[in-house]
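Have a look at the structure below before the remarks.
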Amino acid sequence: MTNYRKHTLSTAILIMSALLLSACYNLVRTTKPIECIDALEPNDGTGSVSTLATVGSNSTITYPNFTIFPLGDNDFYQINATETDSSCQACDFLGTDEDYQLSIALTAPQGAGSYQLCTGRSIGGVNDFCVEVLAGQNRNFTYTFDGSCASVDNYSVFLRIFGDNLPDFQCAPYVLTYNFIPGCF
């Protein structure tokens, strides 16, 4: 083999090695480590909403293992709340009215910067109401619904959770809790 061919072959091998290393770096940089993948991914957009467990009257549901990871991740959820109690709160003088409160709480992980908890009654309105949740802290949002004693009351809300301030993502999980309480509100 001539020196020219050896040099050309060495250059080609170096270029291919650099391309392979670059591809591996990009794959590692954009792929979630297995311990950072939560069970409901992908739920990154309005077309891939994850429906969470339906909450009944006087019940609370907690999910302690969802993540915002990698950078730019968004989590979209639908929460359904259904009346499961048999009593009427009798909030009016006729005794036919009752109310419900659906409270949704987000606790951001320590060291994650801040997260946003946004909610709306439709997926298109999911950014109607937003609250900032600082790292290691808890914030909530409460809907009050006007129900009826004459029928079973059902409600749905949509959530979007995403990183807001640096580092704005974290492999550590956030905690999402919601409850559905009857009463006269």
Side-chain angles (χ1 to χ4, degrees), residues 32 36-85 89 91-92 96-109 112-170 173-185:
K32 290 184 180 189
C36 296
I37 298 174
D38 64 60
L40 297 180
E41 293 292 350
N43 60 341
D44 297 330
T46 58
S48 59
V49 175
S50 293
T51 301
L52 301 177
T54 298
V55 63
S57 304
N58 296 304
S59 296
T60 299
I61 296 177
T62 299
Y63 289 96
N65 293 315
F66 295 153
T67 59
I68 296 296
F69 193 89
L71 179 65
D73 186 23
N74 282 255
D75 287 348
F76 286 83
Y77 302 109
Q78 178 177 348
I79 295 175
N80 298 310
T82 299
E83 174 185 14
T84 56
D85 62 313
Q89 299 301 313
C91 297
D92 63 358
T96 60
D97 184 47
E98 62 184 343
D99 299 327
Y100 283 91
Q101 285 190 333
L102 174 62
S103 294
I104 303 155
L106 173 68
T107 304
S114 63
Y115 285 10
Q116 285 283 329
L117 167 62
C118 297
T119 182
R121 290 296 314 274
S122 68
I123 191 61
V126 75
N127 292 314
D128 285 352
F129 307 101
C130 295
V131 293
E132 183 175 27
V133 184
L134 300 177
Q137 297 195 13
N138 175 302
R139 292 284 306 270
N140 67 25
F141 188 86
T142 300
Y143 279 97
T144 299
F145 299 108
D146 184 25
S148 169
C149 294
S151 63
V152 174
D153 299 308
N154 296 291
Y155 307 99
S156 293
V157 298
F158 293 85
L159 308 178
R160 176 183 177 215
I161 299 170
F162 61 97
D164 184 38
N165 290 309
L166 293 176
D168 78 7
F169 69 98
Q170 186 74 331
Y174 62 83
V175 178
L176 180 64
T177 301
Y178 52 98
N179 60 42
F180 191 51
I181 307 299
C184 296
F185 306 106

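Both backbone and side-chain heavy atoms feed into the values below; hydrogens, waters and symmetry mates do not.
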Are the side chains of I104 and Y77 in contact, using a 4.5 Å heavy-atom criterion? no
Could you give the distance from CG (L117) to OG1 (T107), rounded to the nearest 0.5 Å? 10.5 Å
Hits for side-chain hydrogen bond (donor to acceptor under 3.5 Å, both in side chains) against T54, two or more places apart or cross-chain, chain-then-number order -> none
Which residues pass the side-chain contact (heavy atoms from CB on, under 4.5 Å) test with S148, sequence neighbours left out? A150, S151, D153
Please report the interatomic distance CG(L159) to CG(D75), rounded to the nearest 0.5 Å. 10.0 Å
All N/O donor-acceptor pairs, side-chain side in residues 176-185, below 3.5 Å, sequence neighbours left out:
residue	atom	partner	partner atom	Å
T177	OG1	T62	OG1	3.3
Y178	OH	A53	N	3.4
Y178	OH	A53	O	2.5

Considering all heavy atoms, the nearest Y115-G163 contact: CD1-CA, 4.0 Å
So the side-chain hydrogen bond (donor to acceptor under 3.5 Å, both in side chains) pairs with at least one residue in residues 120-131 (sequence neighbours excluded) are N127-R160
Disulfide (SG to SG under 2.5 Å) pairs touching residues 124-154, sequence neighbours excluded, are C88-C149, C118-C130
Under the side-chain hydrogen bond (donor to acceptor under 3.5 Å, both in side chains) rule, collect the residues that match up with T60, sequence neighbours excluded. none
For P173, what residues pass the side-chain contact (heavy atoms from CB on, under 4.5 Å) criterion, not counting sequence neighbours? N65, T67
Residues which pass side-chain contact (heavy atoms from CB on, under 4.5 Å) with S114, listed by chain and number, not counting sequence neighbours: E132, L134, D164, N165
Looking only at heavy atoms, what is the nearest atom pair of L106 and V133, with distance? O-CG1, 3.5 Å
Can you measure from CG (L40) to OG1 (T51) and round to the nearest 0.5 angstrom? 9.5 Å
Give the C-alpha distance, both sets of side-chain angles, the deciding distance and a yes or no for side chain to side chain contact (heavy atoms under 4.5 Å, CB included) between N80 and N154. CA-CA 7 Å; N80 298 310; N154 296 291; over 6 Å; no
Would you confirm whether T142, through its side chain, and L102, through its main-chain N or O, come within 3.5 Å as a donor-acceptor pair? no
Using 0.5 Å steps for rounding, measure from the CD1 atom of I123 to the CZ atom of F76. 6.0 Å
Could you tell me if D38 and Y63 have a donor-acceptor pair between their side chains, going purely by distance under 3.5 Å? no
So, using side-chain hydrogen bond (donor to acceptor under 3.5 Å, both in side chains) as the criterion, who are the partners of S48 when residues are at least two apart? none
With a 4.5 Å limit on heavy-atom distance, are the side chains of T46 and F158 in contact? no
Rounded to the nearest 0.5 Å, the OG1 atom of T119 sits from the CZ atom of F129 at a distance of 8.0 Å
Which heavy-atom pair separates P109 from Y174 by the least distance, and what is that distance? CD-CB, 3.8 Å
Under the rule for side-chain hydrogen bond (donor to acceptor under 3.5 Å, both in side chains), what residues qualify as partners of D85, not counting sequence neighbours? S57, S87, Y100
Have Q101 and D99 got a donor and an acceptor in their side chains that come within less than 3.5 Å? no
Excluding sequence neighbours, so at least two apart, what forms ring pair (Phe, Tyr, Trp, His ring centres under 6.0 Å) with F145? Y143, Y155
Indicate the atoms forming the closest heavy-atom contact of P167 with G113, along with that distance. CD-N, 3.4 Å
